[in-house]
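The structure presented is a predicted model; accordingly, all values stated were derived computationally and were not measured. Below, chains carry the letters A, B, ... as their sequence lines are ordered, and counting in each starts from 1.
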Amino acid sequence: MTTPTPEPTAELPSQYTPAQVETRSYERWVSAGYFTADPGSEREPFSIVLPPPNVTGSLHIGHALDHSIQDALARRARMSGAETLWLPGMDHAGIATQNVVEREIAKDGVSRHDLGREAFVERVWRWKDESGGKILGQMTKLGDSVDWSRERFTMDENLSRAVQTIFKSLFDDGLIYRAERIINWCPRCLTALSDIEVEHTEDEGELISIRYGSGDDAIVVATTRAETMLGDTAVAVHPADERYGHLIGREVELPLTGRMIPIVADEHVDPAFGTGAVKVTPAHDPNDFEIGRRHSLPSIAVMDERGVITAHGPFEGLDRFEARPAVVAALRAEGRIVAEKRPYLHSVGHCSRCKTVVEPRLSLQWFVNVGPLAKAAGDAVRDGRTRIHPPEMAKRYFDWVDDMHDWCISRQLWWGHRIPVWYGPAGEVVCVGPDEEPPAGHVQDPDVLDTWFSSGLWPFSTLGWPAKTPELAKFYPTSVLVTGYDILFFWVARMMMLGLYAMDGRPPFHVVALHGMVRDQYGKKMSKSFGNVVDPLDWIDRYGADATRFTLLRGANPGADVAISEEWAAGSRNFCNKIWNAARFALMNGVAVGDLPADLTAADRWILSRLQGVISSVDTALAEFEFAKACDLLYHFAWDEVCDWYVELAKIQISSGRTGTRQVLGHVFDALLRLLHPLVPFVTEELWRALTGRESIVIAQWPVADSRFDDPAAEAEIAQLQDLVTEVRRFRSDQGLKPGQRVAARLSLTGGPLEAHEPAIRTLLRLDPPEDTFTPTARLAVGAVTVELDTAGAIDVAAERKRLEKDLAAARKEAAQTAGKLGNEQFMAKAPDDVVTNVRARAAKAVDDIARLEAQLSALPAAHG
RNA sequence: GGGCGGUUAGCUCAGCGGUAGAGCACUCGCCUUACAAGCGAGGGGUCACUGGUUCGAACCCAGUACCGCCCA
């Protein structure tokens with residue numbers, strides 16, 4: 001293996017330009033094989049399967065968040081010495097992909113039926129090979145450390161084998177069955193949909209009250225779907241509803257059809273809705289279907305698969321939305337309309353793919369009996385084998401899993417895994433497993449399986465199941481699943497059910513870590529129509545992948561939505577640039593990574609002590625998926641402590657001949673870059689290689705806190721130094737002294753804790769030593785230190801008085817507050833000792849401050865001086 | 001209708017029992033030899049409302065109002 005030579009430091013420009021380094025680094029990482037997992041390794045495993053994006057998709061900001069989180073986890077695990085597998089791949093996305101290709105060929109005026117099934121599927125494959133999977137290429141721009149050698153696609157041969165295997169197994173166990181049920185039907189996609197592929201929205205419709213029957217037998221029903229009355233086979237009322245008791249068991253005439261239909265009593269009718277009487281259309285409504293079953297009512301279908309009325313009569317051939325007003329008009333002509341309410345807001349289901357209003361439709365479909373599977377999926381979380389994070393989200397999971405309807409898995413599509421069931425001429429039904437031959441003369445079910453059926457196998461089909469592969473042995477169950485809370489039901493529950501079933505009761509994940517949706521800077525959902533969509537690739541081009549990732553991660557609190565804006569991306573870029581320049585400074589000053597010097601200064605011991613605290617809190621934050629916290633900790637440590645203070649102090653140390661400072665700087669930057677690497681991989685790689693001359697930070701060791709460096713005394717000492725410097729700077733600023741202007745000053749540091757820091761204090765504050773002509777015009781007291789300054793002219797007494805009075809007011813308030821507490825017997829008796837001690841210290845300091853500030857104020861020359 | 005979450009500085013969010021914080025935005029002064037994508041200083045909040053628990057509440061409890069999401 002060749003060790004690349006680090007870039008000559010002189011060539012580092014003063015601005016970080018991500019585009020120049022990102023592609024180069026990524027290609028090097030991949031070709032070095034850093035991301036390729038070894039199932040034969042002795043190391044502890046760490047595994048993540050990437051939620052497979054749709055083959056039709058491209059990288060959007062939600063992916064960028066999801067991937068940034070996974071990459072941070074994977075890179076940290078890799079640096080910590082785990083055998084790390086992050087497995088990428090794509091989902092064939094049945095309906096979505098079929099729609100895309102159908103639109104594609106429609107441009108040439110061709111429908112899939114023109115092509116025929118085989119040729120169409122061929123065409124989809126071709127499309128997939130050509131333009132599908134764009135998103136995978138885009139992932140490299142983001143820096144995803146995925147194992148490309150294990151990329152999978154849900155329609156791959158082995159993954160299809162997994163589908164067939166588990167179907168056969170569930171079928172043999174009686175957990176898959178075929179039945180005629182009311183299912184969600186998309187009249188545009190011409191396929192069944194599962195419950196979760198239906199989106200409900202509050203839409204404006206109409207509520208029409210229609211009188212059925214006449215005379216004493218008349219009964220009024222209310223409906224939002226007047227056209228379905230053509231298929232009514234009963235009217236239902238609540239059995240305890242006194243208004244209708246006398247009518248139960250009688251028949252009324254159904255208008256427009258002349259059919260007589262019974263009035264039935266059913267517990268599930270809500271007496272408070274409308275008139276308390278409902279029309280019953282078993283072929284076109286799921287609730288009515290159940291009522292029909294309970295009362296042995298016939299089902300009369302009045303629409304075809306495209307939502308066109310098929311009932312004989314004047315409405316035949318009308319689309320359902322044309323038929324509705326036509327039916328209402330006809331009823332009105334007969335005087336049947338009792339009331340009309342428009343607009344009437346009610347919940348309407350839409351196809352999640354094409355937004356067409358879903359039509360409940362009675363049809364023969366395949367279902368999974370989810371009872372035992374869902375129970376197991378719930379139990380795995382209940383007993384802690386899988387932990388949902390953040391834990392509040394588990395309730396939503398239980399609500400779903402514990403009350404799940406049987407899952408309709410057949411789709412009337414061509415693109416997908418074909419149902420492995422064959423029908424014989426005498427009505428035989430044969431489920432065929434892999435490697436089995438269907439009986440001669442049998443024909444295969446034309447339908448394919450729901451896409452979620454195959455993506456539900458993703459955590460183990462991708463690892464080689466049903467074969468017993470080394471990958472499966474090493475990496476299942478996966479360490480963590482990272483995904484948005486919005487697909488907890490869609491997908492997570494499915495994987496839990498199928499994983500537990502296929503893998504002998506072992507759930508597919510140890511942890512499910514949920515994140516939120518990405519929103520704009522005002523917390524608004526991103527939408528094309530609103531024009532507030534952020535394209536991550538655009539940000540990567542303009543601000544860099546690191547800045548894009550950092551912006552997302554910095555807002556990522558567990559389970560919560562993430563607000564982002566252009567300004568924050570710029571801020572993240574600035575942060576990367578800050579790191580860049582700080583490292584550049586270190587390199588220009590001959591920084592070295594190696595053994596620390598024996599004689600450390602207080603500043604050295606302070607920054608090393610602080611570093612240990614940061615290492616352990618960042619590590620904890622990442623382990624708990626607190627990405628925002630990890631980012632914040634590192635941002636402030638790097639910028640406020642390392643750059644603003646340590647680097648400034650180091651300059652002074654170096655110029656005074658303390659060469660060991662270079663080792664301390666090297667040590668701190670080495671650790672800081674390694675801590676930052678999982679979050680901002682590119683800039684850290686570039687700088688770390690230059691700093692250490694080593695191969696790659698990707699395979700560097702994750703920092704571990706070393707308590708030998710803990711040094712509370714040094715931390716306290718530097719805190720005092722910072723207080724003093726800040727206070728004098730404040731005075732200078734208030735007095736309008738220019739930053740560059742040197743001022744003579746006398747410091748009372750002798751014998752105090754800051755004595756050794758006098759050169760640093762003078763340099764940081766640009767204070768010259770007092771000369772013979774020294775005549776102090778101002779005197780500041782900061783703690784035990786007095787600073788006398790000769791501002792070489794009158795000082796702004798008003799500004800000084802204002803500042804002192806403000807501080808005095810704060811000190812007096814503090815004194816009053818603490819004295820109040822200390823004088824409170826209850827407080828003294830009941831508050832814990834450490835709190836009392838702390839309040840005593842605050843009180844004492846407040847009293848000191850008051851005395852000091854009052855003395856300074858009285859020493860001021862009279863106003864208008 | 002059922003459930004969950006939220007309401008803290010102009011904006012987005014931390015803090016979840018013991019001195020109200022951050023980033024961005026804002027004001028003032030600076031091209032100080034790593035960085036103007038920067039440096040220094042500063043202003044800004046009855047922590048939604050009403051009760052309760054507690055020596056002590058942004059934080060715990062109850063209720064109210066508004067906002068968001070999920071399910072029906």
request  = Can you tell me the distance, in whole Å, between the CD1 atom of A:Ile654 and the P atom of B:A34?
outcome  = 10 Å
query = With respect to the side chain of A:Tyr485, which nucleotide from B:C69, B:A14, B:C55 is positioned closest?
reply = B:C69
note = Walking RNA chain B from its 5' end, the first of A:Pro739 and A:Arg842 to be reached, judged by nearest nucleotide, is A:Arg842
request  = Find the distance A:Lys524:NZ to B:G6:C1' and express it as a whole number of Å.
outcome  = 15 Å
Gap in Å between the two C1' atoms, one belonging to B:A58 and one to B:G17, rounded = 10 Å
message = Less than 4.0 angstrom from a charged side-chain N to a carboxylate O is my criterion; do A:Glu727 and A:Arg803 meet it?
response = yes
query = Looking at B:C55, B:C30, B:A14, which one has an atom nearest to any side-chain atom of A:Asn557?
reply = B:A14
inquiry  = Heavy-atom count check: over 12 atoms from other residues, nucleotides or ligands less than 6.0 Å from A:Arg742 CZ?
reply    = yes
remark   = Side-chain atoms of A:His636 come closest, of B:C55, B:G38, B:A22, to B:A22
request  = Could you summarise the pairing of RNA chain B as dot-bracket text, marking Watson-Crick and G-U pairs under 3.5 Å with ( ) or [ ] inside the strand and | across strands?
outcome  = ((((((((.[[[[.)..(..]]]].(((((.......))))).....[[[[[..)....]]]]]))))))).
ask   = Between A:Trp639 and B:C39, does any side-chain N or O lie under 4.0 Å from OP1 or OP2?
value = yes
ask   = Are any of A:Arg766's side-chain N or O atoms less than 4.0 Å away from OP1 or OP2 of B:U32?
value = no
ask   = For A:Asp644, which contact category applies under a 4.0 Å heavy-atom criterion: base, sugar-phosphate, or nothing?
value = sugar-phosphate
task = Could you label the plane-to-plane angle of the A:Trp580 and A:Tyr16 rings as parallel, tilted or perpendicular, counting under 30° as parallel and over 60° as perpendicular?
result = tilted
message = Any base atoms under 4.0 Å from A:Ser565, or only sugar-phosphate, or nothing? Heavy atoms, all strands.
response = nothing
inquiry  = From CE of A:Met404 over to C1' of B:C71, roughly how many Å is that when rounded to an integer?
reply    = 13 Å
key: For atom CD of A:Gln735 and atom C1' of B:G40, their distance in whole Å   = 15 Å
key: Electrostatic pair A:Asp402-A:Arg382, nearest N-O below 4.0 angstrom   = yes
ask   = Is A:Asn574 near enough to B:G38 that one of its side-chain N or O atoms lies under 4.0 angstrom from OP1 or OP2?
value = yes
task = Side chain of A:Ser733 only, please: which of B:G18, B:A41, B:C35 is the nearest?
result = B:A41
request  = Please state the C1' separation for the pair B:C60 and B:G15 - nearest whole angstrom.
outcome  = 15 Å
ask   = Is the number of heavy atoms from other residues, nucleotides or ligands within 6.0 Å of CG (A:Asp833) greater than 12?
value = no
request  = Look at the side chain of A:Arg573 and the base of B:A37, then say whether one donor and one acceptor between them are separated by less than 3.5 Å.
outcome  = yes
inquiry  = Measuring only the P atom in each nucleotide, how far is B:A9 from B:G56? A whole number of Å is fine.
reply    = 27 Å
ask   = Checking all strands, does A:Glu825 fall into the base, sugar-phosphate, or nothing category for heavy-atom contacts under 4.0 angstrom?
value = nothing
inquiry  = For a quick check of understanding: with a heavy-atom distance under 4.0 Å over all strands, which category does A:Val647 fall into, base, sugar-phosphate or nothing?
reply    = base
task = Describe the nucleic acid contact of A:Arg732 in one word from base, sugar-phosphate, nothing, applying a heavy-atom distance below 4.0 Å.
result = nothing
task = Write down the distance separating the P atoms in B:A48 and B:A57, rounded off to the nearest Å.
result = 15 Å
query = Between A:Lys845 and A:Asp848, does at least one N-O distance fall below 4.0 Å, as a salt bridge requires?
reply = no
inquiry  = Over all strands shown, is A:Ala582 touching base, sugar-phosphate only, or nothing at heavy-atom distances under 4.0 angstrom?
reply    = base
Note: A:Glu359-A:Arg225 ion pair, threshold 4.0 Å (strictly below) = yes
message = Once you apply a heavy-atom cut-off of 4.0 Å, does A:Cys643 come out as touching a base, just sugar-phosphate, or nothing?
response = base
key: Given B:C35, B:G3, B:G18, the nucleotide with the shortest approach to the side chain of A:Ser14   = B:C35
inquiry  = So that I can tick it off, tell me whether A:Lys355 and A:Glu199 are bridged by a salt bridge, with the cut-off set at under 4.0 angstrom between side-chain N and carboxylate O.
reply    = yes
ask   = Which nucleotide sits closest to the side chain of A:Trp568: B:G23, B:G18, B:A41?
value = B:G23
task = Could you work out which one of B:A25, B:G18, B:G40 sits closest to the side chain of A:Glu567?
result = B:A25
task = Enter the distance from A:Leu193:CG to A:Ile183:CD1 here, rounded to the nearest 0.5 Å.
result = 7.5 Å
message = Measure CD/A:Glu392 against P/B:C16 and give the value in whole Å, please.
response = 14 Å
inquiry  = Check this for me: does the side-chain of A:Lys578 come within 3.5 Å of the base of B:C35 through a donor and an acceptor?
reply    = yes
task = Can you label the angle between the A:Phe625 ring and the A:His389 ring as parallel, tilted or perpendicular, going by 30° and 60°?
result = tilted
ask   = So does A:Lys651 reach the base of B:A34 with its side chain, donor to acceptor, closer than 3.5 Å?
value = yes
ask   = A:Asp632 near the nucleic acid: base, sugar-phosphate alone, or nothing, with a heavy-atom cut-off under 4.0 Å?
value = sugar-phosphate
inquiry  = Considering every strand and a 4.0 Å limit on heavy-atom distances, what is the contact class for A:Gln521: base, sugar-phosphate, or nothing?
reply    = sugar-phosphate
ask   = Closest to the A:Glu648 side chain: B:C35, B:A25, B:G18?
value = B:C35
message = Rounded to whole Å, how long is the line connecting atom CD of A:Glu626 with atom P of B:A22?
response = 19 Å
key: Atom-to-atom span, CG of A:Asp561 to P of B:C13 - whole angstrom   = 8 Å
query = Please give, in whole Å, the distance from B:U33 P to A:Asn581 CG?
reply = 13 Å
key: Residue met sooner reading RNA chain B from 5', once A:Lys830 and A:Tyr635 are mapped to nucleotides   = A:Tyr635
